[in-house]
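Order of the sequence lines sets the chain letters (A, B, ...), proteins ahead of strands, with each chain counted from 1.
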There are 2 protein chains.
Amino acid sequence: MRKVAESTVARLSVYLRQLAELEREGVSTVSSAALACRAGTTAAQVRKDLSFFGTFGKRGLGYSVSELSSELRTILGLGRTWRVALVGAGKIGAALYDYQDFRRQGFYIRAVFDNDPAKIGQRWNGVEVRPASELESVLRGEAIDIVIIAVPASAAQGVVDRVVSAGVRGILNFAPVRLTVPPGVELKNVNMAVEMEGLSFALARR
Amino acid sequence: MRKVAESTVARLSVYLRQLAELEREGVSTVSSAALACRAGTTAAQVRKDLSFFGTFGKRGLGYSVSELSSELRTILGLGRTWRVALVGAGKIGAALYDYQDFRRQGFYIRAVFDNDPAKIGQRWNGVEVRPASELESVLRGEAIDIVIIAVPASAAQGVVDRVVSAGVRGILNFAPVRLTVPPGVELKNVNMAVEMEGLSFALARR
DNA sequence: GGATGTGAATGTCTTCACAGCT
DNA sequence: AGCTGTGAAGACATTCACATCC
């Protein structure tokens with residue numbers, strides 16, 4: 001069960017989202033072909049992806065929407081809540097804080113940090129914006145699992161080093177800069193500039 | 001020169017960013033090994049990526065930082081300005097509008113749309129927030145190349161259909177939903193939920 | 001009959017290793 | 001000597017196709 005491709009995991013997320021939609025639509029059973037169609041992939045890919053984790057379907061029938069949904073939630077580690085901190089209370093931080101989809105999947109933002117005195121002390125839905133000086137102590141005190149980096153590029157690596165030293169092992173980075181973390185720490189990057197440049201590349205060659 | 005992997009293009013963006021940094025540091029020449037180290041990949045990968053587009057280095061020496069930088073900008077289609085529209089003037093839209101890195105690479109937001117009467121008519125840095133009803137006419141009138149979707153998931157596909165019918169061929173989607181576009185239209189997705197679930201997956205299996 | 005689960009085949013991407021320039 | 005550029009090898013991911021089971 002080791003060694004699963006990142007692309008497989010990303011697709012599982014997509015499947016899960018499609019299953020949630022099917023559930024809302026009242027559909028109770030789905031074939032790999034139907035799920036693939038909604039997820040933008042192929043039936044064989046769906047079956048292969050799932051086969052890494054077990055066997056969830058019934059031959060001749062397909063998959064139970066609710067069962068598969070629940071299995072995927074377990075596989076993706078969504079069977080618990082995750083304690084999240086947000087570093088950077090600027091526009092991007094505010095947008096992320098608001099992004100309710102996180103909460104729905106069990107990601108709870110338990111702490112917010114910023115350096116701007118005008119923001120420190122504000123209450124966001126009951127969560128106080130704290131100064132960066134309290135970073136390590138709050139991360140440990142609140143037992144934070146995952147930190148979201150939403151600070152300027154120049155400050156990001158410094159924040160990451162402190163976050164890692166405070167024992168956090170999952171980081172989602174929105175700063176447009178390549179960060180380094182020690183082995184054992186999981187780092188994901190969301191870089192809009194890379195995506196935009198992917199678009200301009202594709203559009204330019206025609 | 002056809003058929004370049006998406007992953008290659010994404011890395012080119014990263015190289016370009018590293019080269020810009022090297023330029024600021026006053027470095028004039030860089031080896032594939034040094035660039036790879038900064039970009040988080042291998043020397044062979046750097047050379048192979050570049051080899052799809054030509055030969056830019058000097059054997060025994062490395063690459064001229066400024067030359068390679070300029071070549072990459074051309075390859076990525078950054079040798080011109082791109083006219084961008086933003087649909088959705090909520091928190092995410094506001095954060096994106098503010099994201100100055102876009103502008104620096106030649107992506108200019110020329111139009112903003114929303115449905116909220118409280119937002120329509122606002123001026124964002126001189127760009128007026130317009131009602132969605134004007135979508136097609138403004139996209140054509142302003143000769144928009146790329147549209148950023150920052151509306152709720154439920155509204156996204158409808159917006160995309162209208163945007164495509166108005167002749168736009170590049171879309172960057174921030175709504176957490178799988179969109180479909182006809183062939184010939186380039187679609188990139190930024191999905192934070194997928195990234196967070198990738199983190200929880202990695203953290204859960206230890 | 002119908003759809004899954006999976007080894008085998010195919011396709012794609014990355015790494016190796018070295019000839020060839022500077 | 002040093003480092004690039006690139007075929008060839010290897011690793012990895014996707015697709016095929018079919019035996020298997022409901």
Visitor: Hey, is Arg17(A) close enough to Glu197(B) for a salt bridge, meaning N to O under 4.0 Å?
Guide: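 Salt bridge between Arg17(A) and Glu197(B), a charged N being under 4.0 Å from a carboxylate O: yes.
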Visitor: Could you tell me how far apart Phe53(A) (CZ) and dG5(C) (C1') are, to the nearest whole angstrom?
Guide: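 It works out to 15 Å between those atoms.
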Visitor: For Tyr63(A) and dG5(C), what is the distance between atoms OH and P respectively, to the nearest whole Å?
Guide: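 Computing the Tyr63(A):OH to dG5(C):P distance gives 4 Å.
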Visitor: Indicate whether OP1 or OP2 belonging to dG20(C) is found under 4.0 Å from a side-chain N or O atom of Arg59(B).
Guide: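 Looking at the OP1 and OP2 atoms of dG20(C), neither is under 4.0 Å from any side-chain N or O of Arg59(B).
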Visitor: Write down the distance between CZ (Phe52(B)) and P (dT12(C)), rounded to a whole number of angstrom.
Guide: 12 Å
Visitor: Can you tell me how far P of dT4(C) sits from CD of Gln45(A), to the nearest Å?
Guide: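 Nearest whole value for this atom pair: 14 Å.
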Visitor: Of the nucleotides dC22(D), dC13(C), dG2(D), which has the atom closest to the Lys58(A) side chain?
Guide: dC22(D)
Visitor: Does this structure show an ion pair linking Arg38(A) with Glu25(A), if we count only N-O contacts that are shorter than 4.0 Å?
Guide: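 A salt bridge links Arg38(A) with Glu25(A).
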Visitor: Can you check the Leu50(B) CG to dC3(D) P distance for me, whole Å?
Guide: 16 Å
Visitor: Taking only side-chain N and O atoms of Arg47(A), does any of them lie within less than 4.0 angstrom of OP1 or OP2 on dT15(D)?
Guide: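 Indeed not, no polar side-chain atom of Arg47(A) lies that close.
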Visitor: Does Ser51(A) place a side-chain N or O at less than 4.0 Å from the phosphate oxygens OP1/OP2 of dG5(C)?
Guide: no
Visitor: Which nucleotide in the list dT15(C), dC13(C), dC3(D) gets nearest to the side chain of Ser31(B)?
Guide: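 Nearest to the side-chain atoms of Ser31(B), counting from C-beta on, is dC3(D).
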Visitor: In whole angstroms, how far is the P atom of dT4(D) from the OH atom of Tyr15(B)?
Guide: 12 Å
Visitor: Grab the CG-P distance between Asp49(B) and dT12(C) for me, whole Å please.
Guide: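 Going from CG in Asp49(B) over to P in dT12(C) covers 17 Å.
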Visitor: Which nucleotide in the set dC3(D), dC12(D), dA8(D) lies at the smallest distance from any side-chain heavy atom of Lys48(B)?
Guide: dA8(D)
Visitor: Which one, dC21(C), dT12(C), dT15(D), comes nearest to the side chain of Lys3(B)?
Guide: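 Of the options given, the side chain of Lys3(B) lies nearest dT12(C).
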Visitor: Just the rounded figure in Å: distance from C1' of dT4(C) to CG of Leu61(A).
Guide: 10 Å
Visitor: Please compare Thr8(A) and Gly57(B) by the position of their nearest nucleotide in DNA chain D and report the one closer to 5'.
Guide: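 By nearest-heavy-atom nucleotide position, the 5'-most residue is Gly57(B).
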Visitor: With no hydrogens and no angle check, do the side chains of Gln105(B) and Asp101(B) hold a donor and an acceptor under 3.5 Å apart?
Guide: no
Visitor: Check this one for me: any side-chain N or O of Ser7(B) less than 4.0 Å away from OP1 or OP2 of dC13(C)?
Guide: no
Visitor: Does the side chain of Thr42(B) get closer than 4.0 angstrom to OP1 or OP2 of dT15(C) through an N or O atom?
Guide: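 Yes, within the criterion.
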Visitor: Crowded around Glu23(B) CD? As in, over 12 foreign heavy atoms under 6.0 Å?
Guide: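 For Glu23(B), atom CD is crowded (more than 12 foreign heavy atoms under 6.0 Å).
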Visitor: I'd like to know if Arg130(A) pairs up with Glu142(A) as an ion pair, taking the criterion as any Lys NZ or Arg NE/NH1/NH2 lying under 4.0 Å from an Asp or Glu carboxylate oxygen.
Guide: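 Salt bridge flag = no for Glu142(A) with Arg130(A).
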